Every structure is written in structure tokens, then in C-alpha cells.
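Model, not experiment: these values are computed from the prediction.
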Amino acid sequence: MNNHTSKTYSIGDPISAGTFRKYIEHFYNGHLRLAGEKFLQDGRGAIERPTFVAVAHSLLATGDFKTGERFRLSQVAIAEISGCSPKSVRRVLRLLEKLGAIRVVETSKRPGGGMPVKVYTLTYSDHVHAVLSDQDRNKARDQWKRPQRAAQASDTREQNPSALGTTTPINRDHNPNQWGPQPHNRNPQDQERTDSDRSSPAPLVAEPLARSGADRQESDADWMDELLSEIGALPMDGLSEAIEGP
């Protein structure tokens with residue numbers, strides 16, 4: 001019996017369109033991820049949730065909404081209404097059949113031949129009961145992970161059990177167990193005081209551009225002595241040229 005809907009159902013009873021919509025709304029995400037591997041076994045992987053919802057709702061375009069019977073719509077028509085490909089429509093309908101949410105009660109031939117159209121009844125199955133009881137599409141998230149992803153998550157937790165909640169030191173002087181203001185989060189005023197306390201490098205003193213008078217006189221004297229020594233080394237006929245200049 002079900003106490004989570006406005007009407008009480010037993011397993012195998014037809015359900016109303018409203019109850020079916022609630023089932024689609026809370027359908028387990030994990031079952032959609034494992035649709036190809038676990039239920040359909042067609043090797044095509046997951047069914048995207050938007051595709052699943054669009055196809056399931058399009059199925060309700062015709063039929064008795066109160067009793068959940070006589071839902072008769074071709075896969076081509078469902079594809080046109082939902083905007084999904086015919087292959088996606090077939091996968092969603094097969095998944096719903098596998099889980100007992102819809103049941104084929106008869107097939108009707110189409111005028112002019114072609115593929116027969118299935119007539120569905122919306123059904124209260126064990127899976128419908130579980131989904132409506134939980135009303136949590138993310139329930140047992142780890143249970144419905146792909147096997148390789150679940151194994152990887154388990155290995156990561158075993159190798160690094162403290163991975164969650166740890167902090168990476170911002171620099172080599174940072175101790176994550178003893179908090180202290182680091183340069184990146186220090187108060188600007190405190191930073192200014194710290195900078196002002198630091199010793200400043202000795203100022204560079206530029207050499208004076210002008211020499212003092214004593215230095216200039218000494219330099220002039222050295223120049224005169226050098227000139228006289230050169231004059232003494234010249235012959236007499238070049239003495240006048242050295243004094244007068246070129």
C-alpha cells in the first residue's frame with residue numbers, strides 16, 4: 001500500500017497521470033546513469049534526465065488521465081512532441097517497461113500498415129513505490145555511481161583520509177595549525193607600521209659636481225708643471241710655438 005499519494009495503490013494497479021508525473025519528477029538519477037549498463041544492457045550508457053522527462057511526459061499526450069489507461073501514441077509522435085530522437089524515445093520507454101512503470105496491454109495496427117502502436121497502462125510497481133516513498137532523486141548517491149568511479153572515490157579516501165578540510169600552506173613559513181596574519185591578509189595599517197620599523201638602506205651620496213677652490217688651484221699648478229717640463233724638452237726653435245700655441 002502507498003501512503004505518499006492522494007490515492008492508495010497496490011502493486012500492479014493502474015495509476016493516474018498525476019501520480020506518474022510525480023514518479024518521473026523524483027526518479028533516481030543513479031538509475032538514469034546506469035540505464036544502459038544495469039537495466040537495458042544495450043551498451044549505450046546513461047539516459048540524460050531532460051530526455052527522460054521529455055519523453056515520459058510526452059507519453060501522456062493521449063489516454064485516460066484519471067485511470068492511467070489507454071495511453072496510445074506512436075514512437076514517432078512522441079519523438080516529435082518531445083524533440084528527442086526516435087532511438088532515445090525507444091530507450092526511455094524500454095526503461096519504464098523494465099521498471100514496471102508502464103505496461104503494454106495491447107498493440108494496435110496503424111492504418112496503411114507500418115509498425116504497430118503499443119497501448120500502455122501506467123502501473124504502480126515496486127520501483128514506483130520506492131521512488132514515491134523516498135521522493136529523493138539523489139538518494140543513495142554512492143550506490144548508483146558507476147563501478148569505476150565508486151572504486152576511485154574509495155581509493156582516494158583510503159590514501160588520503162584527511163583530504164577534506166585541510167589547508168595548503170600559502171608559503172613555507174605558514175603553519176596551518178597555528179594561525180597568524182600572513183602578508184596577503186595583514187591589516188594595511190599594521191603593514192605600514194611594520195614597514196616603518198624596518199631599517200632603511202644608507203642613502204647614496206652623489207659626488208659633488210664642482211670642485212673646491214683649493215682643489216682647483218692644486219690642479220692648475222700640476223698642469224703648469226707638466227707644461228714647463230714639456231717646454232724644457234723642446235729645442236729652442238720650437239719654444240715659441242709651445243708658448244704661443246698652434
(request) Hey, could you give me the OG1/CD1 distance between T62 and I81, rounded to the nearest 0.5 Å? (result)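 Here the rounded value is 8.0 Å.
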(request) Could you tell me the separation between the CG atom of L32 and the CZ atom of R49, rounded to the nearest 0.5 Å? (result)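 These two atoms lie 5.5 Å from each other.
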Are the side chain of [X] and the backbone N or O of [Y] linked by a donor-acceptor pair below 3.5 Å?
| X | Y | value |
| --- | --- | --- |
| S16 | F65 | no |
| T19 | I15 | no |
| S82 | I78 | yes |
| S58 | A54 | yes |
| T123 | T121 | yes |
| R72 | G63 | no |
| D134 | D136 | no |

(message) Parallel, tilted or perpendicular: which one describes the rings of H31 and F39, with boundaries at 30° and 60°?
(response)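 Perpendicular.
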(request) Give a yes or no on whether R70 atom CZ has more than 12 heavy-atom contacts from other residues, nucleotides or ligands under 6.0 Å away. (result) no
(message) Applying side chain to side chain donor-acceptor pair (under 3.5 Å) to H127 and Y28, what does each step give before you reach the verdict?
(response) CA-CA 10 Å; H127 191 267; Y28 299 127; over 6 Å; no
(message) Between E69 and R103, does any side-chain N to carboxylate O distance fall below 4.0 Å?
(response) no
